[in-house]
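Reminder, nothing fancy here: chain letters follow the sequence lines and each chain counts from 1. Not measured: the values here are computed from a predicted model.
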Amino acid sequence: GGTTKDSAGQQGNQPGNTAAANPDAKLKTGLKVTYLPKQVNNPYFTVVGKGVEQAAAEFQAAVKATGPSEASAASQVTYINTAAQQRQDVLVLAANDENAVAPALKTARAQGMKVVTLDSDVAEDARDVFVNQVDSGEIAVKQVELLSKAIGGSGEFAILSATANATNQNTWIDIMQRELAKPEYAQLKLVEIAYGNDDDQTSFQKTQGLLQAHPNLKGIISPTTVGLAAAARYLGSSEYKGKVALTGLGTPNQMREYVKNDTLTSFALWEPAKLGYLATYAAAALASGQITGAAGQKFKAGNLGEYAIGRSGEVVLGPPTVFTKDNIDRFDF
Amino acid sequence: MQQPSGNASAPVVELRGVSKNFGPVRALSEVSLLLEPGTAHALLGENGAGKSTLIKVLAGVHRPERGALLVDGLPRRFTGPGDARAAGIAVIYQEPTLFGDLSVAENVFMGRQPLRAGRRIDTRALHATVRALFDRLGVDLDPARPARGLSIADQQVIEIAKALSFDARVIVMDEPTAALSPAETGRLFGVARALLEHGVAVLFVSHRLDEVFELCTRATVLRDGELVWSGALAGKTPDDLVRRMVGRALSALFPKQDSVPGETVLAARRLTREGVFTDVSFDLRAGEIVALAGLVGAGRSEVARAVFGIDRLDAGEVRVRGRPLPNGSPTAAMAAGIGFVPEDRRQQGLVMDASIERNAGLASLGALSRGGLIRRRDERALARDWAVKLRLKFARLTDPVGVLSGGNQQKVVLAKWLSRGPRVLIVDEPTRGIDVATKAEVHRLLSELAADGVAVLMISSELPEVLGMADRVLVMHEGRLAAELPRAEATEEAVALAAAGRSA
Amino acid sequence: MTVTAAPPETPGKGNARRLIDRAGRIRELGIAGVLVVVIAGTALANPRFAEPQSIRDLLLNASIIALLAVGQTIVVITRNVDLSVGSVLGLSAFVTADLAAAHRGLPVVAYLAIGVLIGIACGTGNGLVVSLGRVPSLVVTLGTLYVFRGLDFAFAHGTQVNAAELPEGLLSLGSGRVLGVPHLVLITLLAVVVAWFFLRSYRSGRELYAIGSQPEAAVLAGIPVGRRVFAAFAVSGAIAGLAGALWTARYGTVDAAAGTGLELQVVAAVVVGGVAIFGGSGSVLGAALGALLLSTISGCLVVLGVPAFWQQAVTGALLLAAITVDRVVSLRLARSLRRRNHG
Amino acid sequence: MADRLRGLLRWETALVLLLAAVAIAGSARTGGTFLSGQNLFYLGLDIGEIALIALPLTCVIVAGEIDLSVASVLGLSSALIGTLWNAGWPLEAILPFVLVVGALCGAVNGLLVTSLGLPSLAVTIGTLALYRGLALVLLGDTAVADFPASYTKFGIEPVPGTWLPYPILACAVLAVIFGVLLHASSFGRATFAIGANTEAARFSGIRVKRTKLVLFVLTGAVAALAGIVYTLRFSSARADNGNGLELAVVAAVLLGGVSIFGGRGTLGGVLAGVLLLGGLRNLLILDDVSTETLTVVTGLLLLAGVLANRFLSSVPAGRRQPP
Ligand SMILES: Nc1ncnc2c1ncn2[C@@H]1O[C@H](COP(=O)(O)OP(=O)(O)OP(=O)(O)O)[C@@H](O)[C@H]1O
Ligand SMILES: Nc1ncnc2c1ncn2[C@@H]1O[C@H](COP(=O)(O)OP(=O)(O)OP(=O)(O)O)[C@@H](O)[C@H]1O
Ligand SMILES: [Mg+2]
Ligand SMILES: [Mg+2]
């Protein structure tokens with residue numbers, strides 16, 4: 001007997017978004033918004049936060065940016081509980097762990113708070129809407145494409161990821177591996193997935209290790225801004241510069257130098273501030289009753305225009321931007 | 001800084017009306033003292049009378065609340081030991097304080113190492129100087145070996161060498177001989193006399209009055225922090241001094257009662273610990289006091305430690321009442337009825353931060369608890385009983401033992417072991433640093449224990465103590481048993497000869 | 001000792017003495033030996049590992065930790081510990097980067113000086129509290145670990161300084177080399193040699209050992225214990241500050257999290273390097289080698305293709321093995337010393 | 001009388017006063033939210049694991065040793081729960097098994113410290129990496145989250161009729177046990193003696209090695225228990241759970257007035273320290289104080305604590321003897 005995985009069975013039914021939405025409801029002003037990034041002091045989320053603030057300013061909401069100083073799985077729970085106790089109207093968060101925060105989010109939602117996740121989602125029944133920066137498939141496919149182009153379609157390559165637990169990273173890596181099964185990538189061989197823990201030094205050393213471990217390595221994909229910057233810095237100052245191709249996700253400000261000195265030719269990213277902006281509008285739309293989070297509902301996101309909610313409450317920001325020597329100077333983030 | 005003293009007999013250092021309190025304890029009140037060049041001055045008093053406190057005032061460790069300290073007639077305020085040293089005062093502290101990780105030579109010259117070009121330390125000169133110093137003391141210690149692992153006596157020797165190396169005008173010695181055997185004491189006195197001839201002033205503390213009379217010409221007696229007498233020693237007898245220290249006369253010092261030895265309680269067979277002692281065998285019988293004599297470093301303490309299980313034996317066996325003891329287990333030794341008063345009370349005997357009562361009960365935790373829980377009332381009763389029996393001088397039983405005077409600390413160690421009612425009691429220098437009155441008390445206790453059938457093994461460097469107390473004397477020489485002398489044959493000469501390895 | 005006026009040096013004791021003298025060196029040689037074995041073994045499996053670029057990377061990776069280990073050793077020798085080094089490094093790295101980005105024209109030395117000054121300020125704070133308050137340094141520096149990191153957070157305010165904003169001179173200090181040896185490695189080497197020499201041959205250096213060996217005795221010996229301990233913390237702070245500036249030079253991208261958790265790595269390096277954690281013995285050379293060994297091991301694990309998830313466990317196991325072997329060897333040594341003593 | 005007064009002049013008393021001050025200031029600043037049942041429930045949940053681990057760790061530190069691997073043991077037990085759950089074990093078997101593994105982890109620490117005489121700081125820095133590494137080996141990058149609600153609901157529900165979280169209830173029971181063990185038993189006496197002077201303890205026939213070993217084993221087991229609590233209340237078994245928690249626990253113990261050199265400290269003080277750190281943190285977050293300030297305040301509190309502790313204690317200086 002006993003409580004086993006099998007006996008426990010499926011649980012956690014979807015709390016259906018049954019309440020009726022009123023697409024014509026006015027966007028409420030004076031909402032209380034809590035923005036909870038994975039960790040404060042993370043520059044990427046600081047830029048996202050700018051978008052949150054910009055959106056909030058447009059409909060006179062009060063924003064509180066808060067969060068833990070370390071991105072551990074459970075460290076956000078305290079802040080979620082606090083937001084609930086402070087009777088905040090909406091919570092915009094990027095989750096460190098999709099499960100650990102779920103119970104707290106459910107409690108908070110039961111008290112009437114609207115929850116929008118961005119960047120990294122949580123269990124579906126613990127939030128109202130997830131604002132995805134890009135379509136997971138699209139960004140993964142894009143990176144494989146960029147790499148294939150950079151190394152001429154054949155050879156060994158490695159992936160330098162963030163932490164081993166990062167949800168979005170793992171989703172992308174899954175899709176990349178499926179993409180590699182396609183005939184046009186038959187010559188590409190993924191030899192290793194390394195984890196730089198989103199830590200600059202670790203990523204730097206892991207890059208170095210990859211190059212030593214695989215003498216025939218032709219390229220690296222780093223789908224994380226920290227990893228890409230570190231890998232570029234290592235390549236740029238080593239004798240592998242120009243011989244090993246690099247691509248992935250990065251911010252223009254960090255990568256500008258390396259694109260210009262030909263350490264890498266191209267990389268991709270969405271605009272983080274827009275992500276925060278969109279998520280905040282989605283949150284406001286929820287709080288105003290314009291949407292409930294059900295698929296097919298539409299809302300207007302300020303100057304970004306109209307967005308529709310897709311499958312399982314997901315809203316996609318849009319296609320990623322590819323940065324190259326030619327266009328990089330047009331971006332500043 | 002050091003001016004030559006114009007008048008040869010003018011005091012170099014003088015204390016005037018000095019008082020020092022530790023919280024409620026008045027360690028010194030209105031004490032005055034004169035130290036003159038070329039004079040050895042004894043400082044006497046019972047345990048806790050305030051001798052070490054006075055010395056620490058001289059050394060700049062303690063700042064007195066009242067009173068003046070004069071050097072060459074000028075009032076001075078010492079803010080730390082460095083000031084006293086700069087004024088030409090060198091101190092040998094009661095408890096050796098060495099740097100275990102550093103070499104012997106560096107211990108002697110810390111902060112004053114000879115330098116060579118570029119202000120770098122000249123190691124060769126350092127070792128040569130220290131070796132010369134040791135030669136002067138007639139000591140064979142390697143200047144380059146680390147100080148860790150030296151016996152208490154060797155540590156004391158290093159302290160002495162340190163003080164001598166200063167070319168000080170005043171040398172203060174707080175019980176320097178407590179851990180030394182007569183031979184070393186003699187050598188120390190030789191050096192001290194040479195210094196006296198050169199006009200150095202010496203302040204000497206000891207509980208051995210014969211030594212006091214041998215070296216000193218003047219004395220000051222303290223009782224409870226107050227000065228009771230100061231004057232020339234000429235014409236005085238030890239009894240005079242004791243009466244002043246204790247406030248009453250004392251009877252015989254070594255009241256060993258005769259007892260009939262019973263069956264063998266402890267049998268040590270061919271005990272060997274490589275490099276330390278070899279092939280040591282002996283028996284202890286109930287009701288018997290056996291002394292283990294020998295020169296310092298002969299390995300007596302090591303044998304005792306091994307018997308008690310602190311150190312592991314490489315070979316040999318200890319049996320208590322026929323049952324072999326497991327090697328290296330003090331707990332088993334205690335269960336078999338052995339008690340052990342170690343030689344180094346600070347490191348081995350006491351937990352300095354813990355209270356008197358906790359220390360007294362530390363070896364009796366089992367007896368003091370029921371169902372694993374300590375019964376505090378019993379613990380306190382035990383401590384109080386023994387504090388009275390041993391005439392312990394203390395303010396509260398809950399005070400940390402660290403604030404007790406050296407001799408009183410020793411009494412707490414004794415209380416801790418005597419309270420267990422051991423069948424075999426090993427005491428290593430049990431009266432080290434204990435005043436005359438209490439020493440008599442300890443001897444009476446040991447002798448009573450023997451009369452009650454306890455087997456006592458006593459390690460002592462004090463020959464009169466050995467001869468006065470022992471039913472049998474075992475003499476060790478360089479890690480081996482050199483002789484076994486029954487009481488009748490144990491004369492001062494016989495023991496000394498065997499200890500030096502010169503007799504059968 | 002014996003009472004007879006024996007000749008000052010008996011052959012047996014001379015032997016013992018030399019043995020002890022060598023013990024320290026044996027320990028350093030031991031680590032160096034292990035290091036060679038590790039590198040050679042890995043190179044056998046993967047020849048690329050022995051190429052100049054790879055060796056250079058090994059040295060470069062170890063250099064900042066080794067530098068911190070030098071400062072830490074000076075503190076640990078005095079029976080103290082400085083857990084705040086990671087935070088000091090972080091603060092110094094960010095402030096240096098921020099100022100460098102704002103004032104790009106200064107000579108490189110000026111940027112390093114900024115880092116060092118910040119480090120000295122932090123180290124002085126630690127030193128003052130420890131020596132004036134006479135409180136355990138572990139607690140104090142655990143507290144300042146939070147305080148300095150908090151200041152770092154407050155100063156950075158969630159932003160980041162990128163390589164593109166930093167002056168070229170500073171960056172080339174981080175990536176450049178002299179005769180094939182990276183600058184950072186040279187700086188660390190210099191620090192090791194200076195500290196080693198100071199601790200070995202100068203009175204104040206020896207006094208640090210004395211303090212760590214027996215603090216109470218040090219007071220009685222007239223050593224200005226408070227001042228020396230204070231100075232040790234100031235030096236450790238200065239070195240951590242310098243390491244922060246070098247961190248900026250090397251990594252180019254700096255945010256407020258730089259150096260988080262580094263303190264345990266540094267302490268581990270010091271311990272592996274044979275420095276007694278309770279003071280009184282050990283050398284900076286050993287500590288620096290310890291740092292090199294630890295970072296080499298983690299480098300090797302990557303190269304040998306040890307799966308990512310196994311690397312940390314293996315590192316931990318090797319760390320334990322290292323201190324165990326060190327302990328067993330020194331126990332053996334002590335035993336042979338005892339046997340020779342009476343020989 | 002003077003004795004009584006002097007007895008009151010202790011750090012523990014100051015801690016309790018500080019706690020009261022935080023409670024008063026807290027309810028004033030947050031309009032009562034701070035002392036509301038719901039917030040106290042959250043506060044209790046937040047400090048649960050730290051309070052649990054602090055209990056045995058206090059004993060270890062009093063004995064003059066330290067265990068920095070506690071958070072890794074927590075992570076390892078979390079990973080183990082996830083792995084075994086995936087393998088189809090019933091929770092009723094997993095939980096005791098995890099406790100045993102935690103005890104084993106503690107035993108490894110203890111054996112390295114006692115039988116080889118290695119410094120515990122070094123040993124547990126090593127096992128900190130080792131145990132966390134093993135957790136990664138077990139569970140890698142995956143998270144296990146599908147635990148039955150009957151086992152995880154204590155993370156969102158208090159003990160019926162109160163605001164007490166279940167982990168605090170467990171903690172209270174253990175606190176009584178550890179309090180008696182440390183302060184009223186002969187085992188505790190031995191622990192204090194070992195911490196204050198190991199050699200003297202050995203010369204008194206105290207089984208130093210065995211006592212230390214027992215303490216490490218207890219610490220391992222309780223850290224594993226904390227791992228169970230952590231895993232179930234977040235319903236998330238991951239290898240990186242509790243990363244970095246060791247410094248928080250050590251900070252709380254030290255704030256509670258335990259001497260890092262061993263031989264001195266009280267369990268009551270430690271519990272007050274845990275509450276003070278947790279309570280202040282909770283209050284500051286509730287009061288929208290920035291994370292930077294939070295970090296600085298934590299550090300300053302520790303500094304103030306150790307300084308105040310020193311000036312309040314009437315014990316003479318010279319107690320810097322390390323273990
Ligand atoms: N640091 C201290 N704190 C509190 N009390 C102290 C301290 N040092 C000494 N005392 C007390 O002062 C008194 C004098 O002690 P002192 O050490 O001077 O005695 P002593 O004459 O040297 O004795 P002994 O012969 O035993 O060495 C004792 O009652 C002792 O308990
Ligand atoms: N831990 C140790 N390591 C190395 N040598 C030691 C150690 N302990 C003692 N010795 C040496 O062993 C010898 C025997 O010392 P022991 O203390 O047994 O002599 P003792 O006869 O008891 O003299 P004492 O009167 O000093 O107690 C001495 O030469 C001492 O220096
Ligand atoms: Mg004295
Ligand atoms: Mg002895």
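In this structure, D:A200 and B:V351 approach most closely via the heavy-atom pair CB-CG2, 4.2 Å.
D:F203 contributes atom CZ, which lies 10.0 Å from atom CD of B:Q347 (distance to the nearest 0.5 angstrom). Rounded to the nearest 0.5 angstrom, B:L362 CG and D:S204 OG are separated by 4.0 Å. Expressed to the nearest 0.5 Å, how far CG of B:L368 lies from OG of D:S186 amounts to 9.5 Å. The CG atom of B:D353 sits 8.5 Å away from the OG atom of D:S259 when rounded to the nearest 0.5 Å. To the nearest 0.5 angstrom, D:T198 atom OG1 is 13.0 Å from B:Q348 atom CD.
Neither the backbone nor the side chain of B:R345 comes within less than 4.5 Å of any heavy atom in chain D. For chain D, no part of B:R420 is nearby; none of its heavy atoms comes within less than 4.5 Å. Looking at B:R305, only its side chain comes within 4.5 Å of chain D, counting heavy atoms on both sides. B:F308 touches chain D through its side chain: at least one heavy atom from C-beta onward sits under 4.5 Å away, while N, CA, C and O do not.
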Derivation of the side-chain contact (heavy atoms from CB on, under 4.5 Å) call for B:L350 and D:N197: CA-CA 8 Å; B:L350 296 170; D:N197 185 345; over 6 Å; no

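For B:R26, the CZ atom is loosely surrounded, since the number of other residues' heavy atoms within 6.0 Å does not exceed 12.
Of the possible donor and acceptor atoms, one in the side chain of B:T331 sits under 3.5 Å from a partner among the backbone N and O of D:G205.
A salt bridge links D:R189 to B:E379: one of the charged nitrogens lies within less than 4.0 Å of a carboxylate oxygen.
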